[in-house]
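Okay, so here's the structure we're looking at.
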Amino acid sequence: MQLNSAQQEAVSHTEGPLLILAGAGAGKTRVIVQRILEIIHKGVAPEQILAITFTNKAAGEMRERIKHHLTDGHVPFVSTFHSLGLTIIKENYRLFGFKRFPAIYDRADSLRTIKEALKSTGAESLSPGAVLGAISRMKGEGIMAEEFEVSAETSRDRTIAAVWRAYDQALTKDQALDFDDLLLRATRFLQSNEEVRTRYQTRWPYMHIDEYQDTNAVQAKLAELLISPQKNICAVGDIDQTIYGWRGAQIANILSFEKKFPGAKIVLLEENYRSTQNILAAANDIIAKNVYRREKNLFTKNPEGALLSLYQAFDELDEALFVVRKVRELIQGEKKQPKDFAVLYRANFQSRALEEAFLGAEIPHQVLGTRFFERKEVKDVISFVRAALYETAPDIARVANVPPRGIGKVTLLAMLSGKPIGGATGVKVASFKRLLAKIKDATESLPPAKLLPFVIAETGIETLLKEDKTEGKERQENLRELVSLASRFEHIEEFLESAALQSDQDTLKESSNAVRLMTVHAAKGLEFPHVFIVGLEEGLFPYEREGEGEHDREEERRLMYVALTRAEQKIYVSYAAYRTVFGSKNATLPSQFLSDLPQHLIELEAPERLGRTIYLD
C-alpha cells in the first residue's frame with residue numbers, strides 16, 4: 001500500500017523535532033516503521049535509533065516489521081518505557097548500588113509487602129491497594145519517598161510516608177525494584193549522571209515515541225533526558241485518545257510539544273483505513289464537543305457502511321442476552337467467526353452478566369482482565385524460580401506452602417528473618433530450602449523451556465493439579481502455555497523480566513477464535529469487525545466521579561471516541577433501564593453520548609420481549 005501525502009511528509013522529515021498527530025486507524029505504526037527505515041536508508045546505523053512504546057505487544061510488532069526489511073541482523077532498540085528503564089538500570093547496576101541485577105516486584109508482590117509495611121507501622125486501617133496507588137502516583141510524578149515525607153502535611157500523608165519508607169526498605173533488602181521504580185530510578189540516575197546521560201544520547205541520536213499522549217511526568221522526563229543535542233525526536237500520538245489521566249498520563253505533554261521544541265514540524269494523519277464512513281461520522285461528532293484538543297477530522301475512502309444499532313434493554317441480563325443473540329445470528333447467518341466480535345464496557349463488574357450469557361450459549365469467549373501471569377498456578381511456578389534465584393521475601397512467602405508442607409505463619413516469619421528453627425518444623429524448612437537450592441542449580445544448566453517443567457514436577461505442583469478434578473485440567477493447560485512462552489527465551493532472567501513487564505494486551509491470545517470481552521481502556525490499539533459498546537448510562541459511561549472537573553468529563557468523551565473507532569464494519573450500542581450495582585437494582589438514564597450521536601446514523605434494534613421502545617430525543 002502506497003503512503004498517502006501526509007504519511008509521506010512524516011516519513012521524509014527525518015531531522016529535528018517532529019510531532020505526528022495520528023487519528024485512530026490512520027496507519028501510525030506503518031509510518032513509524034517507514035520513517036525508521038528511511039533514516040537507515042540515509043546512512044544511520046540501526047543501533048543508533050531508539051523507538052519507545054507502551055506494551056510489549058506493540059514493541060514486538062514494530063520490531064518484527066522493521067526486521068522484515070533489514071537483512072544484516074542489526075535492528076533499532078525497540079522497547080517499552082519500563083523495559084528501557086530496566087535496561088539503563090541493568091547496564092549500570094553497580095552504580096545504582098546493586099550487587100546483582102535487581103529482581104522486579106509485580107503488583108501482587110508489592111501488595112503483599114505493603115500489607116507487611118502497614119502492619120509494622122500500625123496503619124492496618126488503610127487499604128493496601130489505596131496506599132500502593134498513592135505511592136505509584138507519586139512515583140509517576142517523579143517524586144521519591146523522602147521528598148514526599150518532607151512535604152506530607154496531613155496525618156494520612158504522614159502515615160503513607162512511613163509505610164512507603166518501610167516498603168522501600170523491604171525492596172532494598174530484596175535487591176528489588178517495583179514497576180514504577182524502573183522509570184523513576186532510571187530518570188533520577190540520568191539527571192544526576194551527566195557522563196552516562198551523554199553516553200545514551202550518543203548511542204541513540206534518533207528517538208521515536210509512540211502513544212506520546214499517554215506519557216506521565218516521569219516518562220516524559222526520561223525521554224527528554226535521552227534526546228540528543230540535535231533534537232531528533234519524533235513523537236506520535238492522538239490527543240483525542242488520551243484516556244489514562246487516572247493513572248498519571250498528562251495531556252499537557254503532547255499539547256505543549258511545540259513549546260518544548262520550538263520550530264517542531266507538525267503532521268496530521270487524518271485518513272482512516274479501518275472504519276466505515278458512518279462509524280467515523282459518529283466518532284467525529286462525539287469528539288468535536290471536547291475543548292482540550294487540536295482540530296482534526298477523520299475521513300476515509302471506505303464504503304459508507306451500516307448504520308449504528310441501538311438497543312434499549314430492560315436490565316443487564318437482557319442486555320447480555322441481546323449481545324449473545326446478535327453474535328449467534330451473525331455466526332450462523334453470515335458465517336462470521338467469534339473472533340470478529342468485541343464487547344466493550346466501562347467497568348470490569350459488567351463482564352459478569354456477559355460471561356454468564358456467553359457460557360449459557362456455548363459461544364467461545366475470552367475475558368481480557370485477568371492477566372495470564374497473575375493466575376495462581378503461573379504465579380506459583382514463577383515465584384519458585386524467583387525465590388531460588390533472588391531469595392525475594394514475597395516469593396518465599398508465596399510458595400513456602402505450595403503444595404502444603406506445614407510451614408505456618410510464625411515459622412515463615414522466623415525463616416525470613418533468619419532465626420534458627422528446630423524440631424519437626426526445622427526439618428520441613430530444611431527440605432524447602434533444599435528444594436530451592438535444587439532449582440537454583442537447575443537454572444545454571446537448563447534453558448527456560450526445560451527449567452519450568454523441572455520446577456513444575458520437582459515442587460509437586462504437577463501432582464497437585466493432576467489430583468484437582470475441577471480446575472486441574474485448565475490450570476495444567478495454563479502451565480503448558482507458560483512453558484511455550486518460555487521457549488522464546490535463552491536465559492531465565494530474560495523470561496522473568498518479560499513476565500514482570502507484561503500488560504493485559506500482551507496476554508491476549510491472537511490465535512484463539514473467541515469473542516473478546518474487555519474494558520474500553522484494554523481495547524485501545526485493537527480493532528474488530530463488529531463492536532458492541534454496552535452500559536451506555538449516565539454515571540456508568542460517562543463514569544461519574546466525586547468532584548470531577550472538565551478534564552475528567554473530556555476524558556470520558558475521549559474514551560467513547562476510542563470505543564467507536566475500534567470498529568471496522570458495525571457498531572451496536574446499548575443501555576439498560578435498570579442495572580444492578582452492589583446488589584441493588586437501580587433505574588438508570590441513557591448516556592449523554594447516545595444523544596450526541598447523529599440520529600440519522602442510528603437504527604433501533606427491536607427487543608425480543610414484548611414492551612415499548614423508548615426513543616431518544
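Closest heavy-atom contact between Ala166 and Ala117: CB-CB, 3.8 Å. Of all heavy-atom pairs between Arg566 and Leu526, the closest is NH1-O, 3.0 Å. Smallest separation of non-hydrogen atoms from Ala388 and Leu436: CB-O, 3.3 Å. Heavy atoms only, all atoms of each residue included: Ile439 and Leu451 are closest at O-CD1, 4.2 Å. For the pair Arg107 and Gly129, the tightest heavy-atom approach, listed with the atom from each and the gap, is NH2-CA, 4.3 Å. The two atoms that bring Ala400 and Met415 nearest to each other are CB-CE, 4.2 Å, heavy atoms only.
If you run side-chain contact (heavy atoms from CB on, under 4.5 Å) between His82 and each of Ile52, Asn56, Leu183, only Leu183 comes through. For the pairing with Val381, the side-chain contact (heavy atoms from CB on, under 4.5 Å) check across Leu452, Val402, Asn478 returns one residue only, Leu452.
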Given the rule in the salt bridge (charged side-chain N to carboxylate O under 4.0 Å, His left out) test, do Glu556 and Arg553 qualify, once you have shown the distances and angles that lead to the verdict? CA-CA 5 Å; Glu556 288 295 309; Arg553 286 190 287 274; over 6 Å; no

Test Glu555 against Tyr543 for side chain to side chain contact (heavy atoms under 4.5 Å, CB included), laying out the working first. CA-CA 10 Å; Glu555 182 153 320; Tyr543 197 79; over 6 Å; no

Take Lys379 and Asp109 through the test salt bridge (charged side-chain N to carboxylate O under 4.0 Å, His left out) and record every step on the way to the result. CA-CA 10 Å; Lys379 182 79 171 133; Asp109 300 326; 3.2 Å; yes

Pair Leu482-Ile382, side chain to side chain contact (heavy atoms under 4.5 Å, CB included): steps then yes or no: CA-CA 9 Å; Leu482 181 68; Ile382 289 175; 4.2 Å; yes

Does the side chain to side chain contact (heavy atoms under 4.5 Å, CB included) test come out yes or no for Ile209 and Phe81, once each step is laid out? CA-CA 9 Å; Ile209 306 175; Phe81 268 105; 3.9 Å; yes

Salt bridge (charged side-chain N to carboxylate O under 4.0 Å, His left out) between Arg199 and Glu195, worked out: CA-CA 6 Å; Arg199 191 173 78 226; Glu195 183 186 340; 5.4 Å; no

With salt bridge (charged side-chain N to carboxylate O under 4.0 Å, His left out) as the test, would you mind laying out the steps for Lys139 and Asp180 before giving the verdict? CA-CA 6 Å; Lys139 288 182 177 182; Asp180 298 301; 5.6 Å; no

Let me see the working for Met144 and Asp168 under side chain to side chain contact (heavy atoms under 4.5 Å, CB included), right down to the final yes or no. CA-CA 10 Å; Met144 302 283 277; Asp168 272 0; over 6 Å; no

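By the 4.5 Å heavy-atom criterion applied to side chains, Gln191 and Lys221 are counted as neighbours. Between Leu84 and Leu226, some side-chain heavy-atom pair lies under the 4.5 Å cut-off. Val385 is not listed as a side-chain neighbour of Phe495, based on a closest heavy-atom distance of 4.5 Å or more. When side chains are defined from C-beta on, Tyr167 does not count as touching Val131, because their heavy atoms never get closer than 4.5 Å. Asn513 places none of its side-chain heavy atoms less than 4.5 Å from the side chain of Pro364. With contacts defined as side-chain heavy-atom distances shorter than 4.5 Å, the pair Phe189/Val196 qualifies. Contact check for Gln476 versus Glu462: no side-chain heavy atoms found under the 4.5 Å cut-off. A 4.5 Å side-chain heavy-atom check between Arg405 and Ser431 finds every atom pair outside the cut-off.
Taking CG of Asn253 as the start and CD of Glu224 as the end, the distance is 9.5 Å to the nearest 0.5 Å. Taking OG1 of Thr198 as the start and CD of Glu194 as the end, the distance is 5.0 Å to the nearest 0.5 Å. Atom CD of Glu494 sits about 7.0 Å away from atom CD of Glu497, to the nearest 0.5 Å. In this structure, CD1 in Ile407 is found 8.5 Å from OG1 in Thr425, a value given to the nearest 0.5 Å. Between the CD1 atom in Ile88 and the CG atom in Leu182 there is a gap of 10.5 Å [rounded to 0.5 Å]. Here CD1 of Ile104 is found 5.0 Å from CG of Leu501. Values are rounded to the nearest 0.5 Å.
Here Glu147 pairs with Arg188 in a salt bridge; the nearest charged N to carboxylate O distance falls below 4.0 Å. Comment: Glu91 engages Arg203 in a salt bridge, judged by a side-chain N to carboxylate O separation of less than 4.0 angstrom. A salt bridge links Glu356 with Arg352; the closest basic N to acidic carboxylate O contact falls under 4.0 Å.
With hydrogens and angles ignored, the 3.5 Å screen pairs a side-chain donor or acceptor of Gln201 with a backbone N or O of Leu225. Between the side chain of His521 and the main chain of Tyr244, no donor-acceptor pair closer than 3.5 Å is present. Distance alone, capped at 3.5 Å, is enough to place a donor-acceptor pair between the Asp181 side chain and the Asp178 backbone. A donor-acceptor pair is defined here as one N or O able to donate and one able to accept, closer than 3.5 Å; no such pair exists between the side chain of Arg516 and the backbone of Ala342. In this structure, the side chain of Arg346 does not engage the main chain of Thr519 through any donor-acceptor pair within 3.5 Å. At least one donor-acceptor pair under 3.5 Å links the side chain of Thr87 to the backbone N or O of Ser83. Counting only distance, with no hydrogens or angles, the side chain of Arg197 and the backbone of Leu190 share a donor-acceptor pair below 3.5 Å. Judged by distance alone, the side chain of Asn586 and the main-chain N or O of Thr580 form no donor-acceptor pair under 3.5 Å. Between the side chain of Gln219 and the backbone N or O of Asn216 there is at least one donor-acceptor pair closer than 3.5 Å. Remark: the backbone N or O of Lys99 is paired with a side-chain donor or acceptor of Gln175 at under 3.5 angstrom.
Sorted by first and then second residue, the ring pair (Phe, Tyr, Trp, His ring centres under 6.0 Å) pairs involving residues 130-153 (not counting sequence neighbours) are Phe148-Trp164.
Atom CD of Glu490 sits in a sparse spot, with 12 or fewer heavy atoms from other residues, nucleotides or ligands closer than 6.0 Å. By the 6.0 Å contact criterion, NZ on Lys115 is open, its count of non-hydrogen atoms from other residues, nucleotides or ligands being 12 or less. Annotation: Glu391, atom CD; neighbour count of heavy atoms from other residues, nucleotides and ligands within 6.0 Å does not exceed 12. Counting non-hydrogen atoms of neighbouring residues, nucleotides and ligands closer than 6.0 angstrom, the CZ atom of Arg488 reaches no more than 12 such neighbours. Surrounding NZ of Lys173 are at most 12 heavy atoms belonging to other residues, nucleotides or ligands under 6.0 Å away.
Aromatic ring orientation, Tyr93 versus Phe101: perpendicular (interplanar angle above 60°, classes split at 30° and 60°).
Shown here are the side chain to side chain contact (heavy atoms under 4.5 Å, CB included) partners of Ala252, two or more places apart in sequence or in another chain: there are none.
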